Trainee: 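This is the structure I want to talk about, given as structure tokens.
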Amino acid sequence: MKYVYVVPSRRLGKSLGVNLTPFKTCTYSCVYCQLGRTTCKTVERKEFFKKEEILREIESALKTNPDYVTFAGEGEPTLYSKLKWLLDRIEEKTAVITNSSLLWRKDVREDLMNADVCLPSLDCATEKTFRRLNRPHRSLTLSKVVEGLLEFSDEYGGKIMLEIMLVKGYNDSREELEKMAEIVKEMKVDVVHVLTPIRPPASDVEKVDAEKLLEAMRFFKGCAIDFPEGRDFDFSTFSSLNEAVRIMSRHPMREDQVKEMAKHFNASVKDVEEIEGVFCKEFGGIKYYFYKK
Ligand code: SF4
């Protein structure tokens, strides 16, 4: 398979990922990008690969019974000019993960109307941080991106899951978070996912700690908040529960996720709670577990 791949996703269940661009063809070159630096920074929409070929692969991979067909991949999927053509032909539930950079374009917003779920991102609220963190194509400005995001959230009838990636020393200041919260308040979003990089990023950047994530969540009250890190958990890579709880220093876990982790090691949630460094806090009626060395 050239364009599709199956990934487990806590947010979207079993997801059939579809890549629509050549490797690192993107409108941004984010410092936290796990794929490395962008090699083709562009805002020009194109049919990078033949739409019929992509559709054929999707159709043949549908036998894996995915919960969602998710357009994401190795670059910005809205750069693919035949996105609507594909979305119109897929009867299964669809999702698009986008960096929001082209939502100011009417054709891009129209293309997305047929997707069941959209996961746009917004990482900052000031032009300076935008240039430093997302390193956008020179033709893009943050005000243009925000304008598009607001228009899209107004027009779109599906579910919007907004992603905010926090990077230490870039967009985690009180001022930036407050301004971001103002923008998010204007949007119609179903859920906000506050994340921090957990895989080796393109540049030498640091993740924020669990307490900063919790602090950030407070700024987005009024929106449902969730940590979508489940898909990144692979407990089989840890030899013990004591080792696995370290995940929670980067990503707080909900109680159900802690239960799952404990089960993997034939232990209980109580065993997790007794590990030195583990503590929990409640937010929005949900219990979150943290770990601090
Ligand atoms: S928008 Fe996504 S693919 Fe593009 S550089 Fe940023 S993280 Fe990487």
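Note that the structure is a prediction, hence the values are computed from the model and not measured. Read the numbers this way: they start at 1 and go in the same order the structure lists the ligands and their atoms.
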Trainee: Near Asn99, which atoms of ligand 1 are under 4.0 Å from a heavy atom of that residue?
Mentor: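 Listed by number with element: 1 (S).
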
Trainee: Does Arg132 qualify as a cation-pi partner of Tyr170, given the criterion of NZ or CZ under 6.0 Å from the six-membered ring centre and within 45 degrees of its axis?
Mentor: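 Arg132 over Tyr170 ring: yes.
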
Trainee: Can you tell me if an N/O/S atom from Cys26 lies under 2.8 Å from atom 6 (Fe) of ligand 1?
Mentor: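 No, since none of the N, O or S atoms of Cys26 sits under 2.8 Å from atom 6 (Fe) of ligand 1.
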
Trainee: State whether any protein heavy atom lies less than 4.0 Å from atom 8 (Fe) of ligand 1.
Mentor: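 At least one protein heavy atom is under 4.0 Å away.
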
Trainee: Tell me the contacting part of Thr38 for ligand 1: side chain, backbone, both, or neither, using a 4.0 Å heavy-atom threshold, strictly below.
Mentor: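 It is the side chain that touches ligand 1; the backbone stays farther off.
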
Trainee: With a cut-off of 6.0 Å (strictly less than), are more than 12 heavy atoms of other residues, nucleotides or ligands near NZ of Lys84?
Mentor: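 Counting other residues, nucleotides and ligands, NZ of Lys84 stays at 12 neighbours or fewer.
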
Trainee: Within less than 4.0 angstrom of ligand 1, does Lys24 place any heavy atom?
Mentor: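 Heavy atoms of Lys24 do come under 4.0 Å of ligand 1.
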
Trainee: With no hydrogens and no angle check, do the side chains of Thr129 and Glu176 hold a donor and an acceptor under 3.5 Å apart?
Mentor: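 Judged by distance alone, the side chains do pair up.
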
Trainee: So, 2.8 Å as the limit: is an N/O/S atom of Cys33 located closer than that to atom 8 (Fe) of ligand 1?
Mentor: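 Within the cut-off used here (under 2.8 Å), Cys33 does place an N, O or S atom near atom 8 (Fe) of ligand 1.
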
Trainee: Can you name the one residue among Thr98, Leu87, Ile97 that meets side-chain contact (heavy atoms from CB on, under 4.5 Å) with Phe71?
Mentor: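 Between Phe71 and the candidates, side-chain contact (heavy atoms from CB on, under 4.5 Å) is satisfied uniquely by Leu87.
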
Trainee: Any atoms of ligand 1 less than 4.0 Å from a non-hydrogen atom of Tyr32? List them with their elements.
Mentor: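 It comes down to these atoms of ligand 1: 7 (S).
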
Trainee: Using a 4.0 Å heavy-atom cut-off, say whether Ser101 meets ligand 1 through its side chain, its backbone, both or neither.
Mentor: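 Neither; nothing of Ser101 gets under 4.0 Å from ligand 1.
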
Trainee: Can you name the closest pair of heavy atoms from Met180 and Ala125 and give their distance?
Mentor: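 Heavy-atom minimum between the residues: N-CB, 3.6 Å.
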
Trainee: Are Glu52 and Arg56 close enough for a salt bridge, meaning some N to O gap below 4.0 Å?
Mentor: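 Between Arg56 and Glu52 there is no salt bridge, as every charged N stays at least 4.0 Å from the carboxylate O atoms.
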
Trainee: What protein heavy atom sits nearest atom 6 (Fe) of ligand 1, and how far off is it?
Mentor: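 The answer is Cys30 SG, 2.3 Å.
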
Trainee: For atom NZ of Lys144, is the number of surrounding heavy atoms from other residues, nucleotides or ligands below 6.0 Å larger than 12?
Mentor: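 Yes - once you tally the heavy atoms of other residues, nucleotides and ligands closer than 6.0 Å, there are more than 12.
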
